[in-house]
J.: 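Just dropping this structure here.
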Protein chains: 4
Amino acid sequence: MEFKDNKSIALQIADNLSEKIIEGNIQIEGRIPSVRELAAEMGVNPNTIMRSYAELQNKNIISNQRGIGYFVNKDAKKIIMEGRRNEFFAHNLPELVRQMDLLDISYEELKASIHSLQNNHTGKAGAN
Amino acid sequence: MEFKDNKSIALQIADNLSEKIIEGNIQIEGRIPSVRELAAEMGVNPNTIMRSYAELQNKNIISNQRGIGYFVNKDAKKIIMEGRRNEFFAHNLPELVRQMDLLDISYEELKASIHSLQNNHTGKAGAN
Amino acid sequence: MEFKDNKSIALQIADNLSEKIIEGNIQIEGRIPSVRELAAEMGVNPNTIMRSYAELQNKNIISNQRGIGYFVNKDAKKIIMEGRRNEFFAHNLPELVRQMDLLDISYEELKASIHSLQNNHTGKAGAN
Amino acid sequence: MEFKDNKSIALQIADNLSEKIIEGNIQIEGRIPSVRELAAEMGVNPNTIMRSYAELQNKNIISNQRGIGYFVNKDAKKIIMEGRRNEFFAHNLPELVRQMDLLDISYEELKASIHSLQNNHTGKAGAN
DNA sequence: GTGGTCTAGACCACC
DNA sequence: GTGGTCTAGACCACA
């Protein structure tokens, strides 16, 4: 995994885990890797993973069972989805509109670009 | 002007000037405020403005005339627009699509939200 | 290290590092000294080193790993050499030729002077 | 005339005048334009020309006759040529050699480049 | 007056 | 420990 530099590595890893959860790539109520395991796998400092897990715990996405490990909460998916949708409609979308306005990008252009992007995904989003 | 904390003040000021240029609120080939002037006006340190101007200068958006001040380049608008459009189509839009995918947001839903945003916008300025 | 006064200290340090890289005195993909370290060693302010490193970073010669330090990029040598060769053939050499023209210096004279320079050079290190 | 930004405008103008003198484009013992005239022609501040002339006066290249104007000294050409040749052999050339060394540029390459540059001048330097 | 550079020192987030 | 940013203040060259 490569990291951007406009966001902390810890948060990027937390986001990454969140996405795996809503994509179904991590089992609900399943155990996630230990701090050390994941740190080794990602090539980062265990402290960093600690902060990622703390963040997720904070949002009630995962829980810690002492001495055993971290587990995905039952309603993790719902929490993540809601959080992201709020974020999307409250911030991303208005910013998008502002940019379109500023850059003279029409909705036709937007629509076309979106569809062409989605068709590249083929299979995942293509049928919509 | 208020500053966000996820981006340096210097860059926010640079972006702000860029937007004023493409909106036509700063004259092409016109002089922009001196480093000290703008610093005073914005309530920041002159060094910070220096960094803003340095950023714009090495994007070829402004130029310096020694001992006189900074001036907006002739093709500043073109450079800014191109830069932002590239950014938009290369990063913002793909990320948008990825989010739509992830959050199960259809284009129809997107369109509706955009329109409601626009109505609020024009409503605020128009209906009063 | 002594500094000339026709170029900023920050840039002189950046150039100095570049030369060490193409001479092989700094390992490709190796870590370079931390900002504070080099600042202490050179007897300058850390901010000055920051500007040196920033310069090298946006020429893609070095990269930052957050919280760890700066590292020399894999193709740093190539980038530096290309940059300098371009500079050499596009500016230094034409200026040289212009001077030769202006000062009535023939290629033969140039050649002789170069050879005498080289002999002094090797003489110093060799003949003693 | 366009100015570079690594040297003061005053010095660039002084150099420019020096070159015109050794090229024969300004008459030995002739009058050169008044400070105000040249300032207007060059689009710079008269103070700047003042400093150019002061510099040349300092080197005994021109002299001031009070109330009349500035005149080119009899041995101006000799002074300029000597100064420049010293500069050339003491600084430019060693730096050139250092660059060639660093950039792995051979003398054959240098020679070829010089000749191709000189042939582009055709007429002025071509017959040498 | 203009910008350019540097210092000193602070505070922050991050690893 | 690492870099990143900002402030405050100084000094300089230049127009």
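Order of the sequence lines sets the chain letters (A, B, ...), proteins ahead of strands, with each chain counted from 1. Note that the structure is a prediction, hence the values are computed from the model and not measured. All values below come from the heavy atoms of this structure, side chains included, with hydrogens, waters and symmetry mates left out.
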J.: Rounded to whole Å, how long is the line connecting atom CD1 of Ile62(B) with atom C1' of dG3(E)?
T.: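 My rounded result for the distance is 11 Å.
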J.: Starting from P on dG9(E), measure out to CE on Met50(C) and report it in whole angstrom.
T.: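 My rounded result for the distance is 19 Å.
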J.: As a test of understanding, state which of Ile61(D), Leu38(D), Asn58(D) forms a side chain to side chain contact (heavy atoms under 4.5 Å, CB included) with Tyr53(D).
T.: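 Only match with Tyr53(D) under side chain to side chain contact (heavy atoms under 4.5 Å, CB included): Leu38(D).
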J.: Closest heavy-atom contact between Glu55(C) and Ala14(C)?
T.: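 Heavy-atom minimum between the residues: CG-CB, 4.3 Å.
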J.: Just the rounded figure in Å: distance from P of dT5(E) to CD1 of Ile9(C).
T.: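 In whole Å, dT5(E) P lies 11 Å from Ile9(C) CD1.
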J.: Is the side chain of Arg31(C) donor-acceptor paired with the backbone N or O of Ile68(C) at a distance under 3.5 Å, no angle test?
T.: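 Yes.
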J.: Please compare Gly69(C) and Gly67(B) by the position of their nearest nucleotide in DNA chain F and report the one closer to 5'.
T.: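 Looking at the nearest nucleotide for each, Gly69(C) comes out on the 5' side.
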J.: Looking at Glu19(C) and Arg98(D), does any basic side-chain N land under 4.0 Å from a carboxylate oxygen?
T.: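 Answer for the salt bridge query: yes.
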J.: Take the protein atom CD1 of Ile49(D) and the nucleotide atom P of dC14(F), then report the distance between them rounded to whole Å.
T.: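 After rounding, the gap between these two atoms is 15 Å.
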J.: Considering every strand shown, what is the Watson-Crick or G-U wobble mate of dG4(F) when both distances are under 3.5 Å?
T.: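 dG4(F) is paired, partner dC11(E).
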J.: Does a nitrogen or oxygen in the side chain of Ser34(B) sit under 4.0 Å from OP1 or OP2 of dT2(E)?
T.: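 Checking Ser34(B) against dT2(E): at least one side-chain N or O falls below 4.0 Å of OP1 or OP2.
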J.: Which nucleotide in the list dC15(E), dG3(E), dC6(F) gets nearest to the side chain of Thr48(B)?
T.: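 Within the option list, the nearest is dC6(F).
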J.: Kindly indicate whether the side chain of Arg36(B) and the base of dG1(E) share any N or O donor-acceptor pair separated by less than 3.5 Å?
T.: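 When only heavy-atom distances are counted, Arg36(B) does not reach the base of dG1(E) through any donor-acceptor pair under 3.5 Å.
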J.: What is the separation between atom CG on Asp5(B) and atom C1' on dC14(E), rounded to the nearest whole Å?
T.: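 It is 15 Å, rounded to the nearest whole Å.
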J.: To the nearest Å, how far apart are Asn6(C) CG and dG4(E) P?
T.: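 Rounding to the nearest Å, CG of Asn6(C) and P of dG4(E) are 17 Å apart.
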J.: Nearest whole angstrom, please: distance from the P of dC15(E) to the CD of Gln65(C).
T.: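 Distance, rounded to whole Å: 11 Å.
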J.: Just checking Val44(B): base, sugar-phosphate only, or nothing, at a heavy-atom cut-off of under 4.0 Å?
T.: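 It contacts sugar-phosphate atoms only.
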J.: Where is the tightest heavy-atom contact between Ile22(B) and Lys77(B), given as atom of each residue plus distance?
T.: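 So the two residues come closest at O-CE, 3.4 Å.
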J.: What is the distance from CG of Asn45(C) to P of dT7(E), rounded to the nearest Å?
T.: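 Those two atoms, CG and P, are 5 Å apart.
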J.: What I want to check is whether an N or O donor and acceptor connect the side chain of Asn47(B) with the base of dG9(F) at under 3.5 Å.
T.: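 Such a pair exists between side chain and base.
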J.: Under 4.0 Å between any heavy atoms, over every strand shown, what does Tyr70(C) touch: base, sugar-phosphate, or nothing? Just pick one.
T.: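 It contacts sugar-phosphate atoms only.
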